[in-house]
Amino acid sequence: MPEMPEVETVKRGLNAQVKGRKIMHVEIRYQNLITGDVEQFIEFVTGSTITDVGRRAKFLLIHLDNGYTIISHLRMEGRYRVSADPAAIDKHSHAIFTLDNGQKMIYNDVRKFGRMQLWPTDDLQNNKSIQKLGPEPLSSEFTFKNLKPRIMRHRKDIKTVLLDQSVMSGLGNIYVDEVLWKVKIHPETPANHLTDENIQAIIEASNEEMKMGIESGGSTVRSYVDATGHTGHMQDRLKVYGKEGTPCPRCGTEIKKIKVGGRGTHFCPYCQVVQ
DNA sequence: GTCATTGTTGCAGG
DNA sequence: CCCTGCAACAATGA
């Protein structure tokens, strides 16, 4: 399931494969994929050239030369493939962009949870989804000064707060569990109980996990593949996510799985203490 | 048929 | 009005 490192991996793959290409034809097979008017989406995208592919948190930003950007969120299982092979298109291919070199950029999504939206490039900061995003790891805004007040004003459990994209953005369920294990904080700790040291540790661990995720090419916990079809290997580096019943790599205690804020949550009941 | 899975949104209730 | 918790949503597989 794509989180920030996976989206970054897709971004890099698409830049290598479709940057500078003109979009000759657009086919939308699943109408709900598009937020807004589908006909207008097709009309505006057809004939434009992809100038660059960017990213903000988990949003992929496909910039076009006509002043518009396709904001694409992969949700659980959205993927992009670039291929000239007709076999790359199947019943889960919901958007097909035919490029000027004969290749097709195919958006594939088994669960149909992902969404695309067209938005003026110079107005992205005012887009409803982008606007409220908090600082993301590895950015200049991801500082103790910025994060402390955002985290401390909540009394709900820290796991839920870290998942809230308006507090800080980019971390999803997998990496939040990994970060909290790394800093030895129990996922149900009230956010406003954290110490300065805790927050600093969360910031550092988040940067480290995102960096490692990107270097590993993302994780393939369910079905993730990058734009070239290659699988990442971040899943091999996970310490607690999906590891319930196995020994904690640090102390040997059995990893437990509970529900926090309605989400499956993996942690070590010995290492990770409630603050 | 039921449940779990995801990120996001919207709403009920305190 | 603010905050929190929770249901709903999309589709699928166990």
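Protein chains get the first letters and strands the later ones, always in sequence-line order, with residue 1 at the start of each.
Side chain of A:R150 to main chain of A:S166: a donor-acceptor pair is present (N/O by atom type, distance under 3.5 Å, no hydrogens or angles).
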Exercise. Would A:T69 and A:H63 satisfy side-chain hydrogen bond (donor to acceptor under 3.5 Å, both in side chains), going step by step from the backbone distance to the final call?
Worked result: CA-CA 4 Å; A:T69 290; A:H63 301 300; 2.7 Å; yes
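Set against B:dT5, C:dA11, B:dG7, the side chain of A:K112 has C:dA11 as its closest nucleotide. Comparing atom distances between the A:R111 side chain and each of B:dT5, B:dT6, B:dG7 picks out B:dT5 as nearest. Among the nucleotides C:dT12, B:dT8, B:dT6, the one closest to the side chain of A:H92 is C:dT12. Closest to the side chain of A:K58, from the set B:dG7, B:dT9, C:dA11, is B:dG7.
No hydrogens or angles considered: nothing links the side chains of A:D85 and A:S83 as a donor-acceptor pair under 3.5 Å. Judged by distance alone, the side chains of A:S129 and A:R115 never bring a donor and an acceptor atom under 3.5 Å apart.
In this structure, A:K91 places its NZ atom 12 Å from P of C:dA11, rounding to the nearest Å. Distance OH (A:Y30) to P (C:dC9): 13 Å, rounded to an integer number of Å. Protein atom NZ of A:K259 is 6 Å distant from nucleotide atom P of B:dA4, rounded to whole Å. If you take CG of A:D109 and P of B:dT6, they are 15 Å apart, rounded to a whole angstrom. Rounded to whole Å, the distance from CZ on A:R115 to P on B:dT9 is 12 Å. In this structure, CG of A:L74 is placed 11 Å from P of B:dT8, rounded to the nearest angstrom. Between A:Q117 atom CD and B:dG7 atom P there is a gap of 20 Å when expressed in whole angstrom units. The CZ atom of A:F113 sits 9 Å away from the P atom of C:dT12 (whole-angstrom rounding).
No side-chain heavy atom of A:V53 sits less than 4.5 Å from a side-chain heavy atom of A:K19.
The phosphate of B:dG7 (OP1 or OP2) has no side-chain N or O of A:S169 nearer than 4.0 angstrom. Close to B:dT8, at under 4.0 Å from its OP1 or OP2, lies no side-chain N or O of A:K132. Distances shown here put every side-chain N or O of A:Y175 at or beyond 4.0 Å from the OP1 or OP2 atom of B:dT6.
When each of A:K58, A:M210, A:E178 is checked for a side chain to side chain contact (heavy atoms under 4.5 Å, CB included) with A:L171, only A:M210 meets the rule.
Aromatic ring orientation, A:H94 versus A:Y30: tilted (interplanar angle from 30° to 60°).
If one axis is set at each end of the helix from B:dT2-C:dA14 to B:dG14-C:dC2 from five pairs, those axes are 60° apart, to 10°.
Taking the side-chain contact (heavy atoms from CB on, under 4.5 Å) definition, one finds that A:R55 meets it with A:M4, A:V7, A:E8, A:K11, A:E136, sequence neighbours left out.
Classification of A:E204 and A:K182 as a salt-bridged pair fails, no side-chain N sitting under 4.0 Å from a carboxylate O.
Residue contacts for A:G172: at a heavy-atom cut-off of 4.0 Å it reaches the sugar-phosphate backbone alone, with no base atom in range.
Ring centers of A:F97 and A:H25: at least 6.0 Å apart, outside the cut-off.
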Problem set entry | Reading 5' to 3' through nucleotides 3-8 of chain C, protein heavy-atom contacts under 4.0 Å coded B for base, S for sugar-phosphate only, - for none | -SS---
